[in-house]
Every structure is written in structure tokens, then in C-alpha cells.
**Student:** 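Shown below is the structure under consideration.
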Amino acid sequence: SSSAGPAEKEPDGLIFIGKEDDIKASRRATAKVSGREAVVFYHEGKFHAMDSRCYRKMFVCAVSTLLQDIDGQACVTCPWHKFKIVLETGEGLYEGINPLEPSPAPRWQSKGVKQRIHKVTIDNGNVYVSPPDLSVSFDSDYFADKYKNNGDLA
């Protein structure tokens with residue numbers, strides 16, 4: 001895992017994160033995206049990017065994070081709360097039951113989108129992330145904004 005380095009902004013607004021082969025080899029990289037920490041994951045042939053701060057607390061998603069598939073969706077698991085976050089959508093998942101079913105069995109259900117995700121673009125072996133659209137807010141924005149300055153309180 002590479003550390004949050006100075007991301008370079010390209011003329012078209014995209015933010016350079018790193019070389020495609022380097023991120024594939026390390027399986028993740030972190031960088032500053034519009035002043036906030038973001039993590040890019042490479043999982044099963046796809047790149048995914050999200051804010052590195054969990055939507056519930058202040059942990060960094062890039063550290064000690066377990067990637068797994070849940071119901072066919074690639075997810076990251078918060079090491080503190082065991083929250084499951086879908087890499088593709090930022091949705092929070094939980095396992096719940098419907099007590100009205102004759103034989104209630106736990107199933108994965110959505111809490112809604114909790115974590116801000118970022119669009120990833122690959123061009124000429126380089127990985128770029130689009131700056132976030134801050135006109136829409138997500139739960140993870142609170143901690144992403146609070147810890148903008150090198151992981152310290154903003």
C-alpha cells in the first residue's frame with residue numbers, strides 16, 4: 001500500500017493517483033483528492049476509489065482493511081465496526097432478518113449509500129480519479145472534511 005502522496009491535477013480536472021501496474025501490484029494506493037484522503041483499490045480486475053475515512057468513525061479504510069465479495073459485490077470491511085461497504089456504490093450493507101417470514105434467515109440488506117466513491121479513469125497506464133461532486137453529500141464527508149490536513153483535524 002502506498003501512502004497518501006501529492007496528487008497532481010491534470011488539465012481536464014482528473015487527479016493522477018499512480019501507475020496502473022504499481023497499483024495492481026500493491027492492490028491499493030492512497031492520495032489526496034481535492035484535499036481529502038482517498039484510497040484506490042484494485043480488486044478482481046477492477047479499480048475502485050472512495051474516501052479513506054469511514055462513514056462512522058475516523059479509521060482509514062486503506063489500513064488493515066479486508067476486501068471480500070458479498071452477494072456478488074466487492075466490499076471493504078471496516079476493521080473497527082465490521083461495517084461492509086460496497087466498493088462500486090459506497091452502499092453500507094448489514095445482515096438482517098425479516099421476522100414476518102415463516103423461517104427467518106439472515107440476508108444482506110442496504111443501509112443506503114454511506115461512503116463517497118470517486119470515478120476512476122485509466123489512460124496510458126496511468127490511474128486518475130475525478131474530483132468529488134460536493135453538491136451531493138454522504139455520511140463519509142463529515143470525517144473526510146474533518147481530517148483534511150495530513151490526517152489531523154482540519
**Student:** Scan Val136, Val129, Leu134 and name whichever one has a side chain to side chain contact (heavy atoms under 4.5 Å, CB included) with Pro132.
**Tutor:** Leu134

**Student:** May I ask you to test the Pro106-Ile97 pair for a side-chain heavy-atom distance under 4.5 Å?
**Tutor:**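 In short, these two side chains touch, coming nearer than 4.5 Å.
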
**Student:** State, to 0.1 Å, how close Val40 and Ala49 come at their nearest heavy-atom pair, and which atoms those are.
**Tutor:** CG2-CB, 3.9 Å

**Student:** Is there side-chain contact between Lys111 and Phe83, with heavy atoms separated by less than 4.5 Å?
**Tutor:**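 They are in contact (side-chain heavy atoms under 4.5 Å apart), so the answer is yes.
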
**Student:** Checking the side chain of Asn124 only, and the main-chain atoms of Asn126 only, is there a donor and an acceptor separated by less than 3.5 Å?
**Tutor:**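 Between the backbone of Asn126 and the side chain of Asn124 there is no qualifying donor-acceptor contact (under 3.5 Å).
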
**Student:** Output the distance between atom CZ (Phe41) and atom SG (Cys75), rounded to the nearest 0.5 Å.
**Tutor:** 11.5 Å

**Student:** Angle between ring planes, Phe16 versus Tyr128, binned at 30° and 60°: parallel, tilted or perpendicular?
**Tutor:**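 Perpendicular: the ring planes of Phe16 and Tyr128 meet at over 60°.
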
**Student:** Spell out, yes or no, whether Tyr142 and Val113 are grouped together once hydrophobic residues are joined by side-chain heavy atoms under 4.5 Å, including indirect joins.
**Tutor:**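 Different clusters: Tyr142 never reaches Val113 through Ile, Leu, Val, Met, Phe, Trp or Tyr contacts under 4.5 Å.
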
**Student:** Salt bridge check: are Glu91 and Lys84 linked by an N-O gap of less than 4.0 Å?
**Tutor:**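 No salt bridge links Glu91 with Lys84.
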
**Student:** Verify, without hydrogens or angle tests, whether Gln115 (side chain) and Asp51 (backbone) share a donor-acceptor contact under 3.5 angstrom.
**Tutor:** yes

**Student:** Considering only heavy atoms from C-beta outward, does the side chain of Val120 approach that of His48 to under 4.5 Å?
**Tutor:**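 No, their side chains stay 4.5 Å or more apart.
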
**Student:** Check the pair Val39 / Met50 against side-chain contact (heavy atoms from CB on, under 4.5 Å), numbers first and verdict last.
**Tutor:** CA-CA 6 Å; Val39 61; Met50 65 174 52; 3.9 Å; yes

**Student:** Test of understanding: clusters of I, L, V, M, F, W, Y form through side-chain heavy atoms closer than 4.5 Å, transitively. Do Tyr94 and Ile70 belong to the same one?
**Tutor:** no

**Student:** With a 4.5 Å heavy-atom cut-off, do Ile15 and Lys32 have their side chains touching?
**Tutor:**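 The answer is no; the side chains never approach within 4.5 Å.
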
**Student:** Measure the spacing between OG of Ser103 and CG of Asn98 and express it to the nearest 0.5 Å.
**Tutor:** 11.5 Å

**Student:** Less than 3.5 Å apart, any donor N or O on the side chain of Ser135 or Asp133 sitting next to an acceptor on the other?
**Tutor:**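 Side-chain D/A pair, Ser135 to Asp133: present.
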
**Student:** Can you tell me how far apart CZ (Arg28) and OG (Ser52) are? Round to the nearest 0.5 Å.
**Tutor:**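 Spacing of CZ (Arg28) from OG (Ser52) equals 11.5 Å.
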
**Student:** Is the closest side-chain heavy-atom distance between Ile17 and Val33 below 4.5 Å?
**Tutor:**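 Yes, close enough: below the 4.5 Å cut-off.
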
**Student:** Whether the Thr30 and Glu37 side chains hold a donor-acceptor pair (N or O, under 3.5 Å, no angle test) is what I'd like checked.
**Tutor:** no

**Student:** Give, for atom CG of Leu87 and atom CD of Glu44, the distance between the pair rounded to the nearest 0.5 Å.
**Tutor:**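 One gets 10.0 Å once the value is rounded to the nearest 0.5 Å.
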
**Student:** Walk me through whether Arg116 and Asp139 qualify under side-chain contact (heavy atoms from CB on, under 4.5 Å).
**Tutor:** CA-CA 8 Å; Arg116 179 176 296 281; Asp139 291 0; over 6 Å; no

**Student:** With a 4.5 Å heavy-atom cut-off, do Arg107 and Glu95 have their side chains touching?
**Tutor:** no

**Student:** Grouping I, L, V, M, F, W and Y whenever their side-chain heavy atoms are under 4.5 Å apart, do Phe138 and Ile85 come out in a common cluster?
**Tutor:**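 No; Ile85 is not reachable from Phe138 via cluster members.
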
**Student:** Any chance you could lay out the side-chain contact (heavy atoms from CB on, under 4.5 Å) test for Glu20 and Tyr42, step after step, and finish with the verdict?
**Tutor:** CA-CA 9 Å; Glu20 181 178 9; Tyr42 180 73; over 6 Å; no

**Student:** Salt-bridge test for Arg36 and Asp141: reply yes if a basic N is under 4.0 Å from a carboxylate O, no otherwise.
**Tutor:**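 Salt bridge between Arg36 and Asp141, a charged N being under 4.0 Å from a carboxylate O: yes.
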
**Student:** Check whether any side-chain heavy atom of His118 sits under 4.5 Å from a side-chain heavy atom of Ser130, and report yes or no.
**Tutor:**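 Heavy-atom side-chain distance check fails, nothing below 4.5 Å.
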
